[in-house]
Amino acid sequence: MIIQLRGWVFVTLLVCLLTAIITIGVLFHQKKETEAYLTKKVELLSYSYKALKKNRESEVKPAAEKFIRAFFESDSETSKPVDERIKPYVTEKARQQISVPGANEVNQKDFPIHIVTKIKDLKVYYTYISPDRASVFATANREVSVEDNKPVVSYTTIEVELILQDGKWIVHDVKLEDADEY
């Protein structure tokens, strides 16, 4: 009888031990999955927090202003082509939206007319979209002078959407409107 009792106790202990090992294995696996999920969540929240800290009017507006000036201001005697001037400030999508086909192929020396374009009275209005996106609406007077004549002034508006890329605000989407569209 003692041998039977010992066998029964041994089998019960063995079943309990196997149950405990399986339970520990399942819990360990769940812990690993939870850690991986929480690590990804922390990385996402960390990125969002850093982006949110950078999504301030004081950081977005200067980036938009640099783009607007690079896009609109030029001097036919000294300026680079538009694509080269705006390249540091835009994504490929935005560059394609505002590129003029063949503009970079025109040699200014073939056209000896001196043309200067300037932006005056630039007003920039900032709107938060998400931690890594912002929108800027800008108005300005664009002055175009040909051969030192009195400049022709036109009112221009531009709306740009900027994204945070590699810690830097760059233009991702552009909508141009001239005064005659109103």
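In this text the structure is predicted, and so the values were computed from the model without any measurement. Hydrogens, waters and symmetry mates play no part in the numbers below; they use all other heavy atoms, side chains included.
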Verify side-chain contact (heavy atoms from CB on, under 4.5 Å) between V26 and Q30, making sure each step is shown before the conclusion.
CA-CA 6 Å; V26 168; Q30 286 178 342; 4.1 Å; yes

Roughly how far, to the nearest 0.5 Å, is OG of S135 from CD of E159?
4.5 Å

State the OG-NZ distance between S46 and K41, to the nearest 0.5 angstrom.
13.5 Å

Rounded to the nearest 0.5 Å, what separation is found between the CH2 atom of W169 and the CG atom of L164?
5.0 Å

On a heavy-atom basis, which atom in V124 and which in A138 lie closest, and how many Å separate them?
CG2-CB, 4.2 Å

Under 4.5 Å between any side-chain heavy atoms of D173 and K93, yes or no?
yes

Is Y128 reachable from V60 through a run of I, L, V, M, F, W or Y residues, each pair having side-chain heavy atoms under 4.5 Å apart?
yes

Test side chain to side chain donor-acceptor pair (under 3.5 Å) applied to E161 and H172, K175, R133, the passing residue
R133

Determine whether V116 and V144 satisfy the following criterion, side-chain contact (heavy atoms from CB on, under 4.5 Å), listing intermediate values before the conclusion.
CA-CA 6 Å; V116 177; V144 179; over 6 Å; no

Starting from I170, can I reach I158 by hopping between I/L/V/M/F/W/Y residues whose side chains sit under 4.5 Å apart?
no

Expected output: side-chain K118 to main-chain R142 donor-acceptor under 3.5 Å
no

With heavy-atom distances below 4.5 Å as the criterion, would you say the side chains of V136 and T127 are in contact?
no

One pair to check against side chain to side chain donor-acceptor pair (under 3.5 Å): Y155 and D121. What are the steps and the verdict?
CA-CA 10 Å; Y155 182 74; D121 304 322; over 6 Å; no

If hydrophobic clusters are built from ILVMFWY residues whose side chains come within less than 4.5 Å, do I119 and Y89 share one?
yes

T23 OG1 to L18 CG distance, which is reported to the nearest 0.5 Å
10.5 Å

Consider only side-chain heavy atoms of I, L, V, M, F, W and Y, link residues closer than 4.5 Å, and tell whether I163 and I98 are in one cluster.
no

Between K54 and E59, does any side-chain N to carboxylate O distance fall below 4.0 Å?
yes

For K61 and E65, run salt bridge (Lys or Arg N to Asp or Glu O under 4.0 Å): C-alpha distance rounded to whole Å, both residues' side-chain angles, the deciding distance at 0.1 Å, then the answer.
CA-CA 6 Å; K61 280 175 73 172; E65 288 175 7; 5.4 Å; no

Once rounded to the nearest 0.5 Å, what's the spacing between atom OG1 of T139 and atom CG of L122?
7.0 Å

Rounded to the nearest 0.5 Å, the CD1 atom of I86 sits from the CZ atom of F67 at a distance of 5.5 Å

Any link between F72 and V174 through a network of hydrophobic side chains (Ile, Leu, Val, Met, Phe, Trp, Tyr) touching at under 4.5 Å?
yes

Heavy atoms from other residues, nucleotides or ligands near OH of Y47 exceed 12 (cutoff 6.0 Å)
yes

Could you please spell out the steps behind the side-chain contact (heavy atoms from CB on, under 4.5 Å) verdict for E143 and V153?
CA-CA 4 Å; E143 291 184 356; V153 179; 3.7 Å; yes

Contact between R85 and S74 at the side-chain level, heavy atoms closer than 4.5 Å - yes or no?
yes

Please test S130 against D132 for side-chain contact (heavy atoms from CB on, under 4.5 Å), starting from the C-alpha separation and ending with a verdict.
CA-CA 5 Å; S130 70; D132 59 352; 3.2 Å; yes

Do N55 and Y126 touch side chain to side chain, with heavy atoms closer than 4.5 Å?
yes

Exam field: side chain K87 to backbone V82, donor-acceptor pair closer than 3.5 Å:
no

Look only at the side chain of E147 and the backbone of H114, and say whether a donor-acceptor pair between them is shorter than 3.5 Å.
yes

Any carboxylate oxygen within less than 4.0 angstrom of a Lys/Arg side-chain nitrogen, looking at E92 and R95?
yes

